Amino acid sequence: MRFQSPRGTEDILPADAHRWQRLEREFFELSGLYGYREIRTPMFEDIELFKRTSGETSDIVSKEMYDFVDKGGRHLCLKPEGTAPAMRAALEHNLIQPNQPLRMSYAIPFFRYGRPQKGRLRQPHQMGLELVGSASPAADAEIIEIVAKFYERVGIGKVRVMINSIGRAECRAKYREVVLSHFGGYLKDASDDDRAKAISNPLRLLDTKDSNAAELKSTIPPILNYLEDESKAHFDQLQELLTEAEIGFGIAPDIVRGLDYYTDTVFEVVSDQLGSGQSSLCGGGRYDGLIKELGGAPTPSVGVGMGMERALLVLEALGIQWEDRRPAVYVVRATEDAAQTCRELARRLRSAGLETHLDLDDRKMAHQLKQADRLGAKWAAMIGTDELAAGTVTLRDLSSSVQSVVPMSELVAKVKS
RNA sequence: GCGGAUAUAGCUCAGGGGUUAGAGCGCCUCACUGUGGCUGAGGAGGUCGUGGGUUCGAGACCCAUUAUCCGCCCCA
């Protein structure tokens, strides 16, 4: 019986792992410059945490959770997103203090039970940021700035961040009626999906792909027209701040977000390089009501999640290749009597911080050189009877084939130069 | 969750009822017993995704199942 990885999961193989490491390194380095520090929370949580925060009617909670009951009868689930667990942990450990913004970052797998496709998995990964404790549009701008800088830094280039505001609860309630009456006629013979949306979350009618609704979508007045003064001012200031930071953005009135906890600012970065109908590279927004919902003092906050496999997919589509580290030296045992000396030299090279390879299986010299070549080693350090007697190493530059004889004592220095 | 397509060597793919299933690339050996890449000659590697069925005979046809891909849903 041969096993496969479970549906919708992927193995990250040794030849590819460096790309993931690089992505995470760039992410933590960049966000660290803004003061973000990593938080690591458990892979599973009490299922109620997500029902409370994302909302019972959200797609995540209503049909995409990997939930289970453990042997102690606890109803748990693999985390379907990163924000709620981070906030639960922050509250549990009293990390949230008045007038002290809390900045947290993470790179995590998360879990959603859906139909897999390219760029859409059951165990995807995301890099997330949470900025807790500021109501200022400067907080929204900070998160968006990091996102924009991140994509630029890894080579995806300048991205256009699409922003919208969905206001506060009253505004949304008002707008919900606007949407329902605007789409009223259409809903009579709309798809089951869209009719279900009309009941569970009318705002999501805005992103229906039904061609019959295209005109209605284009003629509906945007939610921005219904924002309260405060939300309107917030949104305007955010735009000024983004302009000041020279971040390219556009306004997309149809970005609505499927989770209940968002308020005011919502945003995403899209790419046309993803294929499979997937376009979202990252998504985020402000969630001023979430912490209160979890029993904490009302605390305004903003966050974002950036999809890792989607970033990698775009990088690949752009033809951007990241080189893995390569061995510095392959120590070649030319004759059997040099075996011990070869091992000793290899140890010395590694102590000096140089990746060094050695044949384990008494292969002939030609084979060892072939391995060295295949591994992409810079140098082959060859030792046989002659070198043993002279206390030297024959050092070959594998790309130029230039060869020289150096004393063993100078090997490390020569290779490092 | 709904609709469609696909599954043959490590990889990319041919073979569409009839002996022992093929190619390119990759891998191993030798030419080259102390020198990789290039070349040449050999070689290894497949329960044809899995399980049933039809047939004298199935990699091929039928059914089921699993996985992947595409569309919907949704998002990262």
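Computed from a predicted structure; not experimentally measured. So that the names make sense, note that chain A is the first sequence line, chain B the second, and so on, each numbered from 1. Values below: every heavy atom of this structure, side chains too, minus hydrogens, waters and symmetry copies.
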*asked:* Using a heavy-atom cut-off of 4.0 Å across all strands, would you classify A:Gly8 as base, sugar-phosphate, or nothing?
replied: sugar-phosphate
_Under 4.0 Å, counting only non-hydrogen atoms across every strand here, what does A:Arg257 touch: a base, just sugar-phosphate, or nothing?_
sugar-phosphate
_Counting only side-chain heavy atoms from C-beta out, which of B:A76, B:A67, B:G36 sits nearest to A:Gln4?_
B:A67
*Hey, what do you get for CZ (A:Arg168) to CZ (A:Arg286), rounding to the nearest 0.5 Å?*
8.0 Å
*Would you mind telling me which of B:U35, B:G1, B:A76 lies closest to the side-chain atoms of A:Arg115?*
B:G1
*asked:* Would you measure the distance from the P atom in B:C2 across to the matching atom in B:A64 and give it in whole Å?
replied: 14 Å
*asked:* Using side-chain contact (heavy atoms from CB on, under 4.5 Å), reason through A:Tyr34 and A:Lys149 one step at a time and then give a plain yes or no.
replied: CA-CA 12 Å; A:Tyr34 290 76; A:Lys149 291 241 187 296; 4.1 Å; yes
*asked:* Can you confirm whether A:Arg88 is buried at CZ, in the sense that more than 12 heavy atoms of other residues, nucleotides or ligands lie under 6.0 Å from that atom?
replied: yes
_Looking at B:U35, which nucleotide sits across from it as a Watson-Crick or G-U wobble partner, both distances under 3.5 angstrom, or is there none?_
none
*Between residues 399-413 of chain A and RNA chain B, which residues have a heavy-atom gap below 4.0 Å?*
A:Ser399, A:Ser401, A:Gln403
*Between atom CZ in A:Phe27 and atom C1' in B:A76, what is the gap in whole Å?*
13 Å
*asked:* What verdict does the side-chain contact (heavy atoms from CB on, under 4.5 Å) test give for A:Trp379 and A:Asp397, after you've listed the backbone C-alpha separation in whole Å, the side-chain angles of each residue and the deciding distance to 0.1 Å?
replied: CA-CA 5 Å; A:Trp379 301 98; A:Asp397 181 324; 3.8 Å; yes
*asked:* Just to be sure I understand the rule, does A:Leu121 reach a base, reach only the sugar-phosphate, or reach nothing, if contact means heavy atoms closer than 4.0 Å?
replied: base
*Expressed as a whole number of Å, how far does the P atom of B:C28 sit from that of B:C38?*
13 Å
_Heavy atoms only, 4.0 Å cut-off, all strands: where does A:Arg204 land among base, sugar-phosphate and nothing?_
sugar-phosphate
*When you compare B:G15 with B:A44, how far apart are their C1' atoms, in angstrom units rounded to a whole number?*
23 Å
*Heavy-atom neighbours of A:Lys232 NZ exceed 12 at 6.0 Å*: no
*Would you say A:Arg7 reaches B:U68's phosphate, i.e. side-chain N/O to OP1/OP2 under 4.0 Å?*
yes
*Does A:Lys364 have a side-chain nitrogen or oxygen under 4.0 Å from the phosphate oxygens OP1 or OP2 of B:C30?*
yes
*Name the nucleic acid region contacted by A:Tyr330, choosing base, sugar-phosphate or nothing; use a 4.0 angstrom heavy-atom cut-off, strictly under.*
nothing
_A:Gln371/A:His357 under side-chain contact (heavy atoms from CB on, under 4.5 Å): CA gap, chis, key distance, verdict_ = CA-CA 9 Å; A:Gln371 282 302 320; A:His357 289 245; over 6 Å; no
*Hey, does the side-chain of A:Gln368 have a donor or acceptor N/O within less than 3.5 Å of a partner on the base of B:G34?*
no
*From the list B:A76, B:G37, B:C74, which nucleotide is the closest neighbour of the side chain of A:Glu64?*
B:C74
_Need one value for A:Ala372: base, sugar-phosphate or nothing, where a base atom within 4.0 Å counts as base even if backbone is also close, heavy atoms only._
nothing
_Phosphate-side-chain proximity, A:Arg374 and B:C28, N/O vs OP1/OP2 below 4.0 Å_ = yes
*Rounded to the Å, how far apart are A:Met365 CE and B:U33 C1'?*
12 Å
*Searching all strands shown, indicate the nucleotide that pairs with B:A60 (Watson-Crick or G-U wobble; both distances under 3.5 Å).*
none
*A:His367 NE2 to B:U33 C1': how many Å, rounded?*
16 Å
*Is it the case that A:Thr335 and A:Thr385 place a side-chain donor and acceptor less than 3.5 Å from each other?*
yes
*When all nucleic acid strands are considered with a 4.0 Å heavy-atom cut-off, which category describes A:Gly114: base, sugar-phosphate, or nothing?*
nothing
_Atom-pair distance (CD on A:Gln371; C1' on B:G26), nearest Å_ = 13 Å
*How is A:Phe111 classified with respect to the nucleic acid when contacts are heavy atoms under 4.0 Å: base, sugar-phosphate, or nothing?*
nothing
*For B:U50 versus B:U8, give the span between their C1' atoms, rounded off to a whole number of Å.*
14 Å
*Of all the heavy-atom pairs spanning A:Thr41 and A:Pro85, show the shortest one and how long it is.*
OG1-CB, 3.7 Å
*With heavy atoms under 4.0 Å as the rule, sort A:Met306 into base, sugar-phosphate or nothing.*
nothing
*For B:G10, give its Watson-Crick or G-U wobble partner with both distances under 3.5 Å, or none.*
B:C25
_With nearest nucleotide decided by heavy atoms, which residue, A:Glu387 or A:Val269, maps closer to the 5′ end of RNA chain B?_
A:Glu387
*Classify the glycosidic conformation of B:G16 as syn or anti, calling it syn when the angle lies within 90° of 0.*
syn
*asked:* Check this for me: A:Arg40, atom CZ, are more than 12 non-hydrogen atoms of other residues, nucleotides or ligands nearer than 6.0 Å?
replied: no
*B:G51 and B:U47, which share atom name C1', separated by this distance in whole Å*: 13 Å
_Say we look at B:G26 and B:U19: how far apart would their P atoms be, to the nearest angstrom?_
31 Å
*Span that lies between the C1' atom of B:C27 and that of B:G10, in whole angstrom*: 8 Å
_Distance below 4.0 Å between A:Gln117 side-chain N/O and B:G71 OP1 or OP2_ = yes
*Out of B:A67, B:A76, B:G36, whichever nucleotide has its closest atom nearest the side chain of A:Ser280*: B:A76
*Within 45° cone of A:Trp322 ring axis and under 6.0 Å: A:Arg22 NZ or CZ*: yes
*So, A:Arg326 side chain and A:Gly376 main chain: donor-acceptor pair closer than 3.5 Å or not?*
yes
*asked:* Using atom C1' in both nucleotides, what's the gap between B:G45 and B:A23 to the nearest angstrom?
replied: 15 Å
*With a 3.5 angstrom cut-off on both distances, give the Watson-Crick or G-U wobble partner of B:G40, or none if there isn't one.*
B:C30
*Would you classify A:Arg122 as touching base, sugar-phosphate or nothing, given that sugar-phosphate means primed atoms plus P, OP1 and OP2, and contacts are heavy atoms under 4.0 Å?*
nothing
*Can you tell me how far P of B:C74 sits from CZ of A:Arg120, to the nearest Å?*
10 Å
*Are A:Arg363 and B:U35 close enough that a side-chain N or O sits under 4.0 Å from OP1 or OP2?*
no
_Counting only Watson-Crick pairs (N1-N3 plus N6-O4 or O6-N4) and G-U wobbles (N1-O2, O6-N3), all under 3.5 Å, who is the partner of B:G71?_
B:C2
*asked:* Rounded to whole Å, how long is the line connecting atom CZ of A:Arg333 with atom C1' of B:G34?
replied: 12 Å
*Could you check how far OH of A:Tyr261 sits from C1' of B:C75, rounded to whole Å?*
12 Å
*Report which part of the nucleic acid A:Glu10 touches: base, sugar-phosphate, or nothing (heavy-atom distance under 4.0 Å, all strands).*
nothing
*Could you let me know what B:U19 is paired to, Watson-Crick or G-U wobble, both distances under 3.5 Å, or none if it's on its own?*
none
_From B:C2, B:C74, B:G36, nucleotide with atom closest to A:Asp373 side chain_ = B:G36
*Would A:Glu130 and A:Met87 count as a side-chain contact (heavy atoms from CB on, under 4.5 Å) if you check the C-alpha gap in whole Å, the side-chain angles of each, and the deciding distance to 0.1 Å?*
CA-CA 9 Å; A:Glu130 310 294 347; A:Met87 291 312 117; 3.6 Å; yes
_Length of the CG-P vector between A:Asp359 and B:U35, whole Å_ = 16 Å
